[in-house]
Amino acid sequence: MELSQHVAIYPIVTLLFVAVLIPIVTLRKKNWDMPLAGLALLLSLVLSALLVPRIRATGYLSYHLGSWEPPFGIEIRIDFLGALMMILISAICLIAVVYSKRYVAPGRSEGDKTFFFYAEQMEKGKRPVYYSLFLVLCASMLGFVASGDIFNMFVFLELKAICSYALVAIPGTRLPVRAAIKYMLMSVPAAMLVLLAIGLLYSVTGTLNLADLAERTASSDYAQVVTISYVILIVGFAVKAAVFPLHIWLPDAHSKAPSPISALLSALVVKMGLFGIIRVSYSAYGTYFHSDANFVLNIVMWAAAIAIVYGAIMAIRQREFKLMMAYGTVMNIGYIVLGFALRDQTALLGSMYHVMVHALAKACFFLCAGLIISRSGYQTIDDLKGASRKMPLTCAAFALASLAIVGIPPTSGFISKWYLISGCLSTGNIFMGAIILAGSVMAAVYCFRVVYYMFFLPPSNGLWEEVTGEGPASMVVPTWVLAAATLALGFVSSWVLPPLRDAIASLQLGA
Amino acid sequence: MLNALLDNLNYVVAMILFCIGFYTVIMRSNLLKKIIGLTIMQVAVFFFLVSIGYLADGEAPTVIPGAPPAPMVNPLPQAMILTAIVISVSTTALFLSLALKFYEHHGTVDLDKAKEDRQ
């Protein structure tokens with residue numbers, strides 16, 4: 001059958017096609033932008049999910065773009081880990097796009113205080129662009145995780161980066177523009193480092209295909225060049241992933257963007273840098289990574305440990321709640337990188353599971369923040385005192401997600417930290433295990449302080465009086481879907497973990 | 001030593017260009033100069049990649065039926081750089097439009113001056 005041959009690229013192509021369609025259609029039908037975007041994302045979610053049974057049967061799905069055989073042509077190679085990431089990406093994008101419908105739309109009437117925050121900033125002409133960029137961002141992330149070619153990874157990484165700069169700055173006001181400029185000033189040189197590393201690697205191996213690179217770096221005569229390119233590549237990806245000393249763009253960009261975009265940036269976009277690090281380490285540099293990379297990995301491990309402590313301390317010190325959440329992301333990136341740098345299968349399982357936990361929970365955090373900001377305009381943590389009296393559903397969703405971020409036992413966050421800590425112990429890094437535990441305690445301080453303010457303190461001097469109640473269903477329901485998914489991930493872990501373990505084992509083999 | 005440098009002149013030039021660009025990005029507070037620095041960095045990397053595929057006296061990589069195969073220039077780095085140039089152009093365009101927005105808000109494209117204004 002002709003059509004089923006191309007099944008691997010359908011999720012990506014659908015999104016790119018609709019992204020081009022939206023600005024054209026909205027010339028005539030003004031309000032079709034969000035339904036079209038939602039439909040495309042739903043379709044790509046279903047198509048990504050349909051890949052899973054095929055991948056479970058064969059181990060991976062390989063597709064040759066333009067029918068050029070690898071290693072000469074570009075290969076799309078989706079393994080189970082990639083498929084899982086694709087489902088996660090399209091699901092969270094779908095939720096965020098539904099949420100965006102009212103977030104970026106102007107209020108219904110003049111006196112309606114609702115949504116004043118973005119109503120003036122998002123002029124009507126920007127909405128189709130917003131949804132278009134949104135879809136391209138999602139498509140580029142799907143392409144990045146599905147790619148089996150290192151240069152193709154670079155292209156999708158840059159496409160993703162350009163969309164996220166534009167989406168951070170889309171309100172066009174002072175602070176988002178400044179944040180986007182700061183983001184670009186760090187991220188563009190990082191992209192050039194990635195390209196430089198690809199060039200160095202190509203000059204000694206003569207190939208760009210990841211599987212082919214794995215064989216050729218193992219037998220390369222130029223071990224020094226391989227080492228240097230690995231270091232450059234890790235630094236480049238680490239900026240994209242906001243690993244500790246290179247994170248300074250993240251808090252501004254993530255807190256000043258519109259909330260659905262903050263959710264995407266924190267939940268998915270920084271994870272792409274991490275996924276890139278893990279992908280190239282286990283495939284392109286497989287042999288080097290397993291035998292010689294000790295020095296590099298030690299540095300990465302310590303950077304991750306500092307990221308956990310530093311991120312937590314900065315999160316506790318913040319007064320704005322979106323900034324607090326952004327520093328929380330710096331901290332959780334530390335967890336994920338730590339699990340990778342231990343070079344242990346259990347720890348990597350923990351960090352991949354934490355990618356999913358953090359994606360769901362942090363997206364939920366930012367959507368809650370968006371609800372509160374768009375209903376009340378309040379931005380500081382002190383303003384949240386007594387918020388549950390007017391917005392009980394939002395506050396409850398926030399509390400559920402913070403349980404997972406902290407890692408209270410039955411929730412999903414506990415499981416990922418459990419595997420991380422047992423990975424630390426089995427490799428003899430007891431100190432790193434202690435840092436993970438200490439990080440959890442500090443996460444409890446910054447999360448539960450907000451929960452305490454919301455539920456147990458009275459509002460201070462007349463705040464919350466003008467707020468009429470919960471936001472519209474199209475914003476509350478997506479937030480609750482994420483909160484419920486965060487909770488459910490803890491209970492279905494017995495279904496998710498075994499295939500994830502297999503996927504990581506096959507990464508280990510360099511497949 | 002000098003011979004080693006001359007043999008690898010393309011690497012040396014690319015690295016020097018890259019450092020000039022990086023210096024400009026870090027040390028200049030003018031946003032437009034930073035953008036120029038970024039472009040220099042990008043060009044340095046492109047130059048490096050194209051020079052990898054260069055072969056002295058190499059032919060264009062086309063196969064002519066009947067003619068004996070001549071030594072060819074590697075076309076793959078050139079194809080890669082074409083893609084990378086497209087990315088670089090769109091990044092620069094976006095950055096320039098952000099700089100314009102920055103100018104609208106602050107009346108200057110100098111980051112230090114904009115900071116002084118706020119205080």
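Proteins get letters first, then strands, A, B, ... in listed order; numbering begins at 1 in each.
For the atom pair CG (A:Leu196) and CE (B:Met41), the distance works out to 9.0 Å, reported to the nearest 0.5 Å. We find the CG-CG distance between A:Leu208 and B:Leu76 to be 5.5 Å, quoted to the nearest 0.5 Å. From A:Leu185, atom CG reaches atom CD1 of B:Ile26 across 10.0 Å, with rounding to the nearest 0.5 Å. Distance OG1/A:Thr173 to CD/B:Glu104: 12.0 Å, rounded to 0.5 Å. In this structure, the separation between CZ on B:Phe46 and CE on A:Met192 is 5.0 Å, given to the nearest 0.5 Å.
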Mind listing the side-chain donor-acceptor pairs of residues 77-98 of chain B below 3.5 Å, one per line with the distance, residues two or more places apart or on another chain?
unit_1  : atom_1 : unit_2  : atom_2 : d
B:Thr83 : OG1    : B:Ala79 : O      : 3.1
B:Ser88 : OG     : B:Gln42 : OE1    : 2.9
B:Ser90 : OG     : B:Val86 : O      : 3.0
B:Ser90 : OG     : B:Ile87 : O      : 2.9
B:Thr91 : OG1    : B:Ile87 : O      : 2.7
B:Thr92 : OG1    : B:Ser88 : O      : 2.7
B:Ser97 : OG     : B:Leu94 : O      : 2.7

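When side chains are defined from C-beta on, A:Leu193 counts as touching B:Phe18, because their heavy atoms get closer than 4.5 Å. No side-chain heavy atom of B:Phe102 sits under 4.5 Å from any side-chain heavy atom of A:Arg174.
For A:Arg216, the CZ atom sits in a packed shell: over 12 heavy atoms of surrounding residues, nucleotides or ligands are nearer than 6.0 Å. Heavy atoms from other residues, nucleotides or ligands lying under 6.0 Å from CZ of B:Phe22 number 12 at most. Within 6.0 Å of OH on B:Tyr103 lie no more than 12 heavy atoms contributed by other residues, nucleotides or ligands.
Heavy atoms of B:Leu31 lying under 4.5 Å from chain A belong exclusively to its side chain. With a threshold of 4.5 angstrom between heavy atoms, B:Phe48 approaches chain A through side-chain atoms but not through N, CA, C or O. Neither the backbone nor the side chain of A:Leu159 comes within less than 4.5 Å of any heavy atom in chain B.
A donor-acceptor pair under 3.5 Å links the side-chain atoms of B:His105 to the main chain of A:Gly172, judged by distance alone.
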